[in-house]
Amino acid sequence: QVLVNVGVGFLYTINGKVFVKVAPEADFAERIRVLFGNSIFEKLVPVDFTYGETTVKGHILHPNFSPSHGNYQFSFLNGRYIKDKVIHHGIATALKRVMSSEKKPAYFLKIEVPYDSVDVNVHPSKYEVRFTASQQVHFILEQAIKLSLDSSNVQPPPPQVEAEGN
């Protein structure tokens, strides 16, 4: 929740030593930079998409720099951190054409939908949700990512060529 609630500052200390200090006026991109470092921040592709009453804003990591693990997958639905297969699959589908199969999508996305289009009472932890129109949500996520990739001129990686004699 620290990542998405940019109006709240926080201080993380261990034994009196400050490890992270974030001002409350920092925006979402600045929070990503502070929490994950410049090496991630410099490789972000912005996402800003609206379809009907649904908005998708945030950033994806440029596919050429995507990690082989899923540690950078953050989605927030109406301000709440969630893990959702529909959202993840929509993002992964859009990235498939420009990312190698060994890599995992990395994203920091804030998704806003009408409250009556999602059930948050699916799991006790509230990390899982159920959409009333999951195919539409998948489509919106896929389009949001494709548009961001296209507007940032992200191209598929060049094919790997094996050296002769191997």
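The residues of the chain are indexed from 1 along the displayed sequence. Only heavy atoms go into these numbers, but all of them, side chains included; no hydrogens, no water, no symmetry mates.
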Does [X] use its side chain to pair, donor to acceptor, with the backbone of [Y] at less than 3.5 Å?
X    : Y    : result
D84  : I87  : yes
R31  : V2   : yes
S151 : S148 : yes
T132 : S117 : yes
E112 : V56  : no

Using a cut-off of 6.0 Å, state whether more than 12 heavy atoms not belonging to K57 lie near its atom NZ.
no

Looking at K146, I want to see if its NZ is surrounded by more than 12 non-hydrogen atoms of other residues, nucleotides or ligands under 6.0 Å.
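Yes, NZ of K146 has more than 12 neighbouring heavy atoms, counting only those of other groups under 6.0 Å.
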
Charged tip of [X] within 45° of [Y] ring normal and under 6.0 Å:
X    : Y   : answer
K21  : Y12 : no
K17  : F19 : yes
K110 : F76 : no

Validation row: [X], [Y] side chains within 4.5 angstrom (heavy atoms):
X    : Y    : result
S39  : K43  : yes
F10  : V20  : yes
P63  : K103 : no
K83  : S75  : no
V113 : N78  : yes
V137 : T54  : no

Working to the nearest 0.5 angstrom, can you tell me the gap between [X] [atom1] and [Y] [atom2]?
X    : Y    : atom1 : atom2 : result
K104 : H69  : NZ    : NE2   : 11.0 Å
H59  : D48  : NE2   : CG    : 9.5 Å
E42  : L61  : CD    : CG    : 11.5 Å
I60  : L109 : CD1   : CG    : 7.5 Å
K96  : H89  : NZ    : NE2   : 6.0 Å
R33  : D27  : CZ    : CG    : 10.0 Å

Please lay out, stage by stage, how F108 and I40 fare under the test side-chain contact (heavy atoms from CB on, under 4.5 Å).
CA-CA 11 Å; F108 307 85; I40 296 292; 4.3 Å; yes

Using the six-membered ring wherever Trp is involved, compare the ring planes of Y72 and F36 and label them parallel, tilted or perpendicular (cut-offs 30° and 60°).
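Perpendicular, since the angle between the ring planes exceeds 60°.
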
According to the interplanar angle, ranging from 0 to 90°, do the rings of Y51 and F49 count as parallel (below 30°), tilted (30 to 60°) or perpendicular (above 60°)?
parallel

Non-hydrogen atoms of [X] and [Y] that approach each other most closely:
X   : Y    : value
S66 : A106 : OG-N, 4.4 Å
V45 : S152 : CG1-OG, 3.3 Å
V98 : N64  : O-OD1, 4.3 Å

Same cluster or not: are [X] and [Y] linked, directly or through other Ile, Leu, Val, Met, Phe, Trp or Tyr residues, by side-chain heavy atoms under 4.5 angstrom apart?
X    : Y   : answer
L11  : L3  : no
Y81  : V6  : yes
Y115 : L77 : no

Could you walk me through whether S68 and E102 pass the side-chain contact (heavy atoms from CB on, under 4.5 Å) test, one step at a time?
CA-CA 6 Å; S68 57; E102 302 86 42; 5.7 Å; no

What verdict does the side-chain contact (heavy atoms from CB on, under 4.5 Å) test give for T55 and I111, after you've listed the backbone C-alpha separation in whole Å, the side-chain angles of each residue and the deciding distance to 0.1 Å?
CA-CA 6 Å; T55 61; I111 303 152; over 6 Å; no

Decide yes or no on side-chain contact (heavy atoms from CB on, under 4.5 Å) for I145 and L95, but give the supporting numbers first.
CA-CA 7 Å; I145 302 305; L95 287 168; 4.1 Å; yes

